Amino acid sequence: PFYNAFEFISSMSSGFDLSSLFEGK
Amino acid sequence: MGCFHSKICRFSTPGYEDPTLLAAETAFTVSEVEALYELFKKISSSIIDDGLIHKEEFQLAIFKNQNRRDLFADRIFDLFDFKRNGVIGFGEFVRSLSVFHPNAPVADKIAFAFRLYDLRQTGYIEREELKEMVLALLNESDLILSDDIVEMIVDKTFDEADKKSDGKIDEEEWKEFVLMKPSLLKNMTLPYLKDITLAFPSFVMNSEVEDSE
């Protein structure tokens, strides 16, 4: 469960996870 | 006709900037900026080989799918595109990624995250904006939450963050809030950036400097 909206967003949004820019480089 | 000299090629690329100057302005060393150029070249040539990152190329790099849309990928693209010309040049790429460097000041990470969540760029994160972001993510996921639960999560967040109780979170309130909950800045640090020269060893072949440190 998420009790904090920002925690929900940062955990759920793959668009906010730029580590994927470096995957499969 | 190809380029005979990589340095001439780079300087004729739109948006290219001198790595030494970029290193002086950012958390990166010259070597790291040059390694980032290898990543930049790859992303910026994935659909249109014009030395600039278009939104579809950015989405392709993040999702491995150029047609996938995501509210936050759009927002991050817009924040990287600080010249507001619809594309990301090399200088914009390096300066923006610098905020995500493990050594970048926390204040810069806090400010970037605030601008990300300030969807309508009003200088505040408003309650309706926050709910809109939560609903947009729910739409993209398989998770189902009732409107009552979403309201409860947004209300609780505002109870904690909106100290002035005026229905919006200003930058000062945001700063206090994330300093209490540093996990909210987790996505603002990319450990990969510390190892970027190892990830792109080919930068050595194209280096413009003798001793990059």
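All values derive from a computational prediction rather than experimental measurement. Order of the sequence lines fixes the chain letters, A, B, ..., with proteins taken first and strands second; residue numbering starts at 1 for each chain.
- Atom OG of A/Ser13 and atom CG of B/Leu71 lie 7.5 Å apart (nearest 0.5 Å).
- The side chain to side chain contact (heavy atoms under 4.5 Å, CB included) with A/Ile9 is formed by just one residue from the set B/Thr157, B/Leu137, B/Asn187; it is B/Leu137.
- For A/Ser14 against B/Ile62, the heavy-atom pair with the smallest separation is O-CG2, 3.8 Å.
- The two residues A/Ala5 and B/Val134 make their nearest non-hydrogen contact at CB-CG2, 3.9 Å.
- In this structure, the portion of B/Phe100 lying under 4.5 Å from any heavy atom of chain A is its side chain and not its backbone.
- Going from atom CD of A/Glu7 over to atom NZ of B/Lys186 covers 8.0 Å, rounded to the nearest 0.5 Å.
- Between A/Phe22 and B/Tyr192, the ring planes lie parallel to each other; the angle is under 30°, not in the 30° to 60° tilted range.
- Proximity to chain A (any heavy atom under 4.5 Å) is shown, for B/Leu60, by neither the backbone nor the side chain.
- Looking at B/Tyr117, only its side chain comes within 4.5 Å of chain A, counting heavy atoms on both sides.
- When all heavy atoms are compared, the tightest approach of B/Leu190 to A/Ser19 is CD2-N, 3.4 Å.
- Open room surrounds NZ on B/Lys194; 12 or fewer heavy atoms of other groups in view lie less than 6.0 Å from it.
- Contacts between B/Lys181 and chain A at a heavy-atom distance below 4.5 Å involve the side chain alone, from C-beta outward.
- Atom CZ of B/Phe93 and atom CG of A/Leu21 lie 6.0 Å apart (nearest 0.5 Å).
- Residue B/Tyr124 qualifies as open at atom OH: its count of foreign heavy atoms under 6.0 Å is 12 or below.
- Looking at heavy atoms from C-beta onward, B/Leu130 lies in side-chain contact with A/Phe6 at the 4.5 angstrom threshold.
- Within the 4.5 angstrom heavy-atom criterion, no atom of B/Leu185 approaches chain A.
- Taken from CZ in A/Phe16 to CG in B/Leu116, the straight-line distance is 5.0 Å, to the nearest 0.5 Å.
- Per-residue heavy-atom pair counts under 4.5 Å with chain A were compared for B/Phe72, B/Phe58, B/Phe63, and the maximum is reached by B/Phe72.
- Considering every non-hydrogen atom in both B/Leu97 and A/Leu18, the closest pair reads CD2-CD1, 4.4 Å.
- Contacts between B/Ile169 and chain A at a heavy-atom distance below 4.5 Å involve the side chain alone, from C-beta outward.
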